[in-house]
Amino acid sequence: MTSIADLRKSYERAELDEQASQPDPLLQFDRWLQEAIQGEVPEPNAMTVATVGSDLRPSTRVVLIKGFDARGIVWFTNYESRKGKALAGNPYAALQFHWVKLERVVRIEGVVEKVSEEESDTYFHSRPLDSRIGAWASPQSEVIPGRTVLVTNAAKYAAQFLLQPPRPPHWGGYRLKPDQWEFWQGRKSRLHDRLRYSQGTDGAWLRERLAP
């Protein structure tokens, strides 16, 4: 049986050079995300969200990015979930994309706020019917006695709302406004490329190379 300590990989697929990277981190992110999609990386839109609750314990979970622009990175979830409660008390969070096939990681940090109700409504009504019913059926992060609770709730709300379930008041979007980005490209001999973008008070981005 192979020891987990002996598992190794040599990263030799690509490089990340200051001159070849975009001066705006949003443009660099868009480039890498499109390459992940075109490269058929499994779930290229999956990202880890890290929050810190009132107990000062960090917590991570995987969600799906649903949009991004100059205002920030958007995802949707239950506001009453563990991450929702953490963000209500501490609005700072970190995101991470890991595109294993491309040997790339993107880390993003910043402050989080809820998107407008109009944005949440628009996205909610674009979801498949089962997903809209599921938003009502699942008391996310709460302890339940078994899966039967979810199935029963789904049947109840499906019968109640038929084909037109409204958006639950406890469900909607978040937007993280980045103030720091890091792009990591795996390289041979563990001499990885790391570029960090930090935003100054004037809104300009400072690009720096970090030692791996």
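What you see below is based on every heavy atom in this structure, not just the backbone, and it leaves out hydrogens, waters and symmetry mates. FYI, the numbering just counts along the sequence from 1.
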- Please state whether the rings of Tyr197 and Phe183 are parallel, tilted or perpendicular, taking 30° and 60° as the class boundaries. perpendicular
- Check the surroundings of atom CD in Glu117: do more than 12 heavy atoms from other residues, nucleotides or ligands lie under 6.0 Å from it? no
- Taking atom types as modelled and ignoring hydrogens, do the side chains of Arg57 and Ser59 form a donor-acceptor contact shorter than 3.5 angstrom? no
- Kindly compute the distance separating CG (Asn90) from OG1 (Thr51), expressed to the nearest 0.5 Å. 8.0 Å
- Message: Which label fits Trp171 and Phe76: parallel for a plane angle under 30°, tilted from 30 to 60°, or perpendicular past 60°?
- Response: parallel
- Task: Report whether Val115 and Ile108 are members of the same hydrophobic cluster (ILVMFWY, side-chain heavy atoms less than 4.5 Å apart, transitive linking).
- Result: no
- Item | Heavy-atom side-chain contact between Pro165 and Tyr157 under 4.5 Å | no
- Message: We want to know whether Gln199 and Lys177 form a side-chain donor-acceptor pair, criterion being a heavy-atom distance below 3.5 angstrom.
- Response: no
- Could you go through the side chain to side chain contact (heavy atoms under 4.5 Å, CB included) check for Glu113 and Tyr174 one step at a time? CA-CA 6 Å; Glu113 63 182 9; Tyr174 286 108; over 6 Å; no
- Message: Test of understanding: clusters of I, L, V, M, F, W, Y form through side-chain heavy atoms closer than 4.5 Å, transitively. Do Ile133 and Leu162 belong to the same one?
- Response: no
- Message: Applying side chain to side chain contact (heavy atoms under 4.5 Å, CB included) to Glu80 and Ser141, what does each step give before you reach the verdict?
- Response: CA-CA 8 Å; Glu80 296 177 357; Ser141 298; over 6 Å; no
- The residue among Trp32, Phe97, Phe29 that forms ring pair (Phe, Tyr, Trp, His ring centres under 6.0 Å) with Trp181 is Phe29
- Message: Taking Glu119 first and then Arg175, would you say they form a salt bridge - that is, a charged N and a carboxylate O separated by under 4.0 Å?
- Response: yes
- Does one side chain, of Gln140 or Ser138, offer a donor that lies under 3.5 Å from an acceptor on the other? no
- Task: May I ask you to say whether Glu18 pairs ionically with Arg209, meaning some side-chain N is under 4.0 Å from a carboxylate O?
- Result: yes
- Item | Heavy-atom side-chain contact between Leu33 and Phe68 under 4.5 Å | yes
- Under 3.5 Å side-chain donor-acceptor pair for Arg61 and Thr48: no
- Message: Regarding Glu182 and Arg194, does a basic nitrogen lie under 4.0 Å from an acidic carboxylate oxygen?
- Response: yes
- Message: Taking Ala50's backbone N and O only, do any of them form a donor-acceptor pair with Thr60's side chain (distance below 3.5 Å, no angle check)?
- Response: no
- Side-chain heavy atoms of Asp17 within contact of Asp193, under 4.5 Å: no
- Query: Between Lys9 and Glu103, is there a salt bridge with N-O shorter than 4.0 Å?
  - Reply: yes
- Under 4.0 Å between a Lys/Arg side-chain N and an Asp/Glu carboxylate O for Glu40 and Lys101? no
- Can you name the one residue among Leu16, Leu195, Val105 that meets side chain to side chain contact (heavy atoms under 4.5 Å, CB included) with Trp184? Val105
- Find out if a path of hydrophobic residues (ILVMFWY) with successive side-chain heavy-atom gaps under 4.5 Å connects Leu102 to Ile65. yes
